[in-house]
**Q** 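The structure's right below; bear with me while I get my questions together.
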Amino acid sequence: MYEGYKKYIPFQPQPIEGRTWPEKVITEAPVWCSVDLRDGNQALIDPMNMQEKLEYFHTLVDIGVKEIEIGFPSASDTDYEICRELIEGGHIPDDVTIQVLVQAREHLIRKTFEAIKGAKNVILHFYNSTSTLQRKVVFGMDMDGITKIATDAADLIYEMSASAIADGMNLRYEYSPESFMGTEMDYAAEICQAVIEHIHATPEKKIILNLPTTVENCMPNQFADMLEYFCRTLPSRDCAIISLHPHNDRGCGVATTEMGLLAGAERVEATLFGNGERTGNVDMVTLAMNMYTQGVDPKLDFSDINAIKDMYERCTKMPVGDRQPYAGKLVFTAFSGSHQDAINKGVHYMKSSNSPYWEIPYLPIDPADVGREYEPIIRINSQSGKGGTAYVMEHYFGYDLPKAMHPEFGAVVQKETDRVGKEISPDDIMELFKREYLEQEGPYSLAAHSFKEMLNSEGRLVVRFKGTINYLDETEDVEGIGNGPIDAFFNAIKGFDMAKFTFLDYKSHAISNGSDSIGVTYILLEDQITNERYWGVGTSSNIYLAPLMAIISSINRAFADRATMDMDAIIAAKEAAEAAAKEAAEAAEKEEAKEE
Ligand code: KIV
Ligand code: ZN
């Protein structure tokens, strides 16, 4: 039996009355702080070197992140050097604040002050662990002992700040009761209040209280209850900016952050693509783009997500998953035929309605908003429907196939995907289209053609077609007049085998190709012998010629099909049916005559 679950202690929800967070919505972006270069970096198999950290830092600045935790300079020589390089190398724009992390321990705090000398804007982030479990297992201390660690650190920091501030540094403070999510909320509020007092925070000079989900241990709504309770219980709430620092152990980091924002948080610490300890920190890209797709300006720029992803993969040596929201290789790809149909309809609806809003099913975001393209949205495999094929033809190649033609060409593509047993590319689809409609081997082809517009004896404009038709090795000159090129052509071939077709449907449009444009015509004919229907397609820069090419394409397809049929049997059956019909008609006529 699988009974390991019995050793886990269930989370005890924080009792709260009259919670208000479920009624709220997110209407503005929080203050973003990136912890990629600290929490993210410390979780890498191969931590970033100086060059990589600098490149990463500059990308974060370009994205628009204004607070960046650059490391743990008192704990690592590399972090110390990077901190110095950022400051001395002039890498930090005036509107960006660097943040440095330090444990609430005297010698580390002193070293941190050395590391930040000369910086313009700094957040000094100190922390100690406060949870019930850590107090018991790691520190063996009671609440007062843990509080003293925090307040001693606050006193020292406050004292050491004086000279840095006098030197012109804009120095702010951040305190994290690490493992906040496992701390009794009354105690969390108590220790944070003590820190507020020892660091002399005021409503004008607020401290950032960062409340980490160091290890995610409950449902996001339970976390929101805790947070709302904490904010209500903290006596000097107005002296603090409430910050979140969610990890993702239960896979709910994004939801925890979003509900935490509803419950009173104003700031979020996150990483690109969710890198960080274990299952990672919460993903800044998903959070920001979730806001974006709700009509809220996230104040971060992910308009070139591929470039950011490339930088991330290069510097961290970690891959971004193919299904990663907003950034994964496959997130703008629909495999299912019904999804493809709906996307296709959505694209048409957007065009025809001129809607200023994004209203395309299955695509929660316009791929162009993250620098991706519509083109890779649809890929064709054996699960794709006819709509997907039509979408590819239109969006990759400009062929807007008549709706009635979708099943026919869809079946051609389906046969091919079944044959190859894998997905096929848009170019493969175009090849099939050419082979099926545009480039048949015969038996018919048009060797020469000319059209003339003229007035007939009744003064109406008509078209005269003169041409040479090849049929296998035979050549025939033909001529006909009609009220358009199609009519003229059919009149020219009257009496030929190829005239035994009924014209059923027609569509034409232009395909522009840079400054040039060609006409494409789709024509549906019915073979009068087999009663089968065939679409044909013709393209030409001559608007009269494209329809004729389409007719020949359709007829050639019919002849190719006839070659696979037992034509003798079909003709015999047809003749028998005609004879029977004739006999029945004659009998009816005789009957009628008798009655008269
Ligand atoms: O996850 C965590 O608790 C941390 C703290 C140091 C803020 O990274
Ligand atoms: Zn963390």
Side-chain angles (χ1 to χ4, degrees), residues 28-42 53-74 79-102 109 111-127 153-154 157-158 160-176 195-196 199-212 239-245 265-272 281-282 284 287-288 298-301:
E28 59 179 34
V31 173
W32 299 106
C33 172
S34 149
V35 291
D36 295 74
L37 300 177
R38 196 278 299 171
D39 223 349
N41 187 55
Q42 81 187 41
K53 267 206 169 185
L54 289 178
E55 185 184 354
Y56 209 122
F57 180 85
H58 287 293
T59 304
L60 291 168
V61 169
D62 292 345
I63 289 169
V65 185
K66 300 291 180 207
E67 297 182 1
I68 302 176
E69 189 162 271
I70 57 169
F72 208 144
S74 61
D79 280 16
Y80 189 94
E81 280 159 27
I82 285 161
C83 184
R84 293 313 308 158
E85 171 58 29
L86 283 169
I87 297 167
E88 288 164 19
H91 297 278
I92 312 166
D94 283 352
D95 64 346
V96 170
T97 300
I98 55 164
Q99 177 167 310
V100 283
L101 181 70
V102 61
I109 291 170
K111 179 113 192 249
T112 304
F113 270 96
E114 269 171 41
I116 59 174
K117 256 190 201 129
K120 190 162 187 265
N121 302 304
V122 178
I123 295 171
L124 199 145
H125 176 191
F126 63 110
Y127 75 97
I157 290 167
Y158 186 71
M160 292 191 72
S161 300
S163 68
I165 293 169
D167 288 346
M169 184 185 289
N170 172 21
L171 180 59
R172 292 189 288 145
Y173 311 116
E174 172 170 332
Y175 172 66
S176 291
V195 168
I196 286 175
I199 208 87
H200 303 269
T202 64
E204 290 72 41
K205 194 164 182 355
K206 295 180 201 262
I207 183 173
I208 298 166
L209 288 181
N210 186 50
L211 308 174
C239 298
I241 294 166
I242 302 296
S243 175
L244 302 174
H245 177 107
E266 304 146 285
R267 181 179 185 270
V268 173
E269 295 193 347
T271 59
L272 297 179
N281 289 73
V282 69
M284 187 183 279
L287 284 172
K299 303 265 163 51
L300 294 177
D301 182 352

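By convention here, the first residue in the shown sequence is residue 1.
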**Q** To the nearest 0.5 Å, what is the distance between CD1 (I241) and SG (C33)?
**A**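 Going from the CD1 atom of I241 to the SG atom of C33 covers 11.5 Å.
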**Q** Could you tell me the separation between the OH atom of Y80 and the NZ atom of K111, rounded to the nearest 0.5 Å?
**A** 6.5 Å
**Q** Which heavy atom of L287 sits nearest to which heavy atom of A270, and what is that distance?
**A** CD1-CB, 4.5 Å
**Q** Quick one: pull up CD1 in I116 and OG in S74 and give me the separation to the nearest 0.5 Å.
**A** 11.0 Å
**Q** Could you go through residues 54-64 and list every donor-acceptor pair under 3.5 Å that involves a side-chain atom there, pairing it with any protein atom two or more places apart or in another chain?
**A**
| unit_1 | atom_1 | unit_2 | atom_2 | d |
| --- | --- | --- | --- | --- |
| E55 | OE2 | R314 | NH2 | 2.2 |
| Y56 | OH | D36 | OD2 | 2.5 |
| H58 | NE2 | H91 | ND1 | 3.0 |
| T59 | OG1 | E55 | O | 3.0 |

**Q** Working to the nearest 0.5 angstrom, can you tell me the gap between C239 SG and K205 NZ?
**A** 12.0 Å
**Q** Starting from the C-alpha separation in whole Å, work towards a yes-or-no answer on side chain to side chain contact (heavy atoms under 4.5 Å, CB included) for N281 and H245.
**A** CA-CA 7 Å; N281 289 73; H245 177 107; 3.4 Å; yes
**Q** Does the distance from a Lys or Arg side-chain N to an Asp or Glu carboxylate O, for D79 and R38, drop under 4.0 Å?
**A** no
**Q** In Å and rounded to the nearest 0.5 Å, what is the OG to CE distance from S34 to M284?
**A**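 So the OG of S34 and the CE of M284 are separated by 5.0 Å.
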**Q** Could you walk me through whether Y173 and S161 pass side chain to side chain contact (heavy atoms under 4.5 Å, CB included), step by step?
**A** CA-CA 10 Å; Y173 311 116; S161 300; 2.8 Å; yes
**Q** Kindly indicate whether the side chain of V31, heavy atoms from C-beta on, has any atom under 4.5 Å from the side chain of K66.
**A**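 Answer no - side chains too far apart.
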**Q** Would you tabulate the side-chain donor-acceptor contacts of residues 118-125 under 3.5 Å, counting partners in other chains and residues two or more places apart, or write 'none'?
**A**
| unit_1 | atom_1 | unit_2 | atom_2 | d |
| --- | --- | --- | --- | --- |
| N121 | OD1 | N170 | ND2 | 3.1 |
| N121 | ND2 | D94 | O | 2.8 |
| H125 | ND1 | E69 | OE1 | 2.7 |
| H125 | ND1 | Q99 | NE2 | 3.3 |
| H125 | ND1 | E174 | OE2 | 3.4 |
| H125 | NE2 | E174 | OE2 | 3.2 |
| H125 | NE2 | S176 | OG | 2.6 |

**Q** Does K299 offer a backbone N or O that forms a donor-acceptor pair with the side chain of W32 under 3.5 Å?
**A** no
**Q** Below 30° counts as parallel, above 60° as perpendicular, anything between as tilted: where do the rings of F126 and Y175 land?
**A**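 The arrangement is tilted - the two ring planes meet at 30° to 60°.
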**Q** Around atom CD of E88, are there more than 12 heavy atoms of other residues, nucleotides or ligands at under 6.0 Å?
**A**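 Enclosed.
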**Q** Between A240 and E266, what is the shortest heavy-atom contact and its length?
**A**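 Smallest interatomic distance, heavy atoms only, reads O-OE1, 3.9 Å.
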**Q** Considering non-hydrogen atoms only, spot the tightest contact between Y127 and L101 and give its length.
**A** CD2-CD1, 3.5 Å
**Q** I need the I165 CD1 to R172 CZ distance, nearest 0.5 Å.
**A**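 These two atoms lie 12.0 Å from each other.
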**Q** Would L209 and I196 count as a side chain to side chain contact (heavy atoms under 4.5 Å, CB included) if you check the C-alpha gap in whole Å, the side-chain angles of each, and the deciding distance to 0.1 Å?
**A** CA-CA 9 Å; L209 288 181; I196 286 175; 4.1 Å; yes
**Q** Considering all heavy atoms of both residues, which atom of D39 and which atom of Q42 are nearest to each other, and what is their separation?
**A**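 Closest pair (atom of D39, atom of Q42, distance): O-CG, 3.3 Å.
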**Q** Give me the atom names and distance for the closest heavy-atom approach of V102 to I109.
**A**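 Taking V102 first and I109 second, the nearest heavy atoms are CG2-N, 3.7 Å.
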**Q** Please check: side-chain N/O of R84 versus main-chain N/O of K117, any donor-acceptor pairing under 3.5 Å?
**A**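 Judged by distance alone, yes, a pair lies under 3.5 Å.
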**Q** So which heavy atom on P73 is nearest to which on A115, and how close?
**A**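 Minimum heavy-atom contact is CB-CB, 3.6 Å.
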**Q** Salt bridge or not for E85 and K53, using N-O below 4.0 Å?
**A**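 Result for this pair is no, no salt bridge flagged.
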